[in-house]
Amino acid sequence: MEFSPHRLLGPYLLTKENIALVSHSKKPGVFAFGNLDEQKTFIPYVLGMSNVSISRRLHEGIDKFTHFKIYYTHTAREAFSEWCVLYHSFCGEGGAICSLLDRTHPQHPTEESWKCPVCHAR
Ligand SMILES: [Zn+2]
């Protein structure tokens, strides 16, 4: 399986209308909240995943961020793996260019024992 940030769809303007448009399914997935810089490049500030329905999580970002990206997966475990890969791609070694507000490593759901596919942290 291959993971890369470009699989994220968007950026979309973070509005209730756009959330309704993209979150028609109840699949697990990963998302990013962020803003666009002057070159219209998406700068991610928050990464997250949802086990079931991503739209409720997306609504939490309204009025805090202007844009979001999203990627649906088939399973919650796949969503966790994508989340980890995104985290490492945005906040890799040293984290010097990391734009995330919270730089702590993604945490798997407490009832699971999944490992990060990149650094193998538990
Ligand atoms: Zn990791």
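Counting convention: from 1, in listed order, for ligands and their atoms alike. All values derive from a computational prediction rather than experimental measurement. Only this structure's heavy atoms are used, side chains among them; waters, hydrogens and symmetry mates stay out.
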Whether Asn35 side chain and Phe65 backbone form a donor-acceptor pair below 3.5 Å: no
Check: Phe33 ring centroid to Phe68 ring centroid under 6.0 Å: no
Val30 side chain near Leu86 side chain, heavy-atom distance below 4.5 Å: yes
Pairwise side-chain contact, His74 with Lys27, heavy-atom cut-off 4.5 Å (strictly under): yes
Of the N, O or S atoms in His105, the one nearest the Zn ion (ligand 1): NE2
N, O or S from Cys84 under 2.8 Å to the Zn ion (ligand 1): no
His120 near the Zn ion (ligand 1) via N/O/S, less than 2.8 Å: no
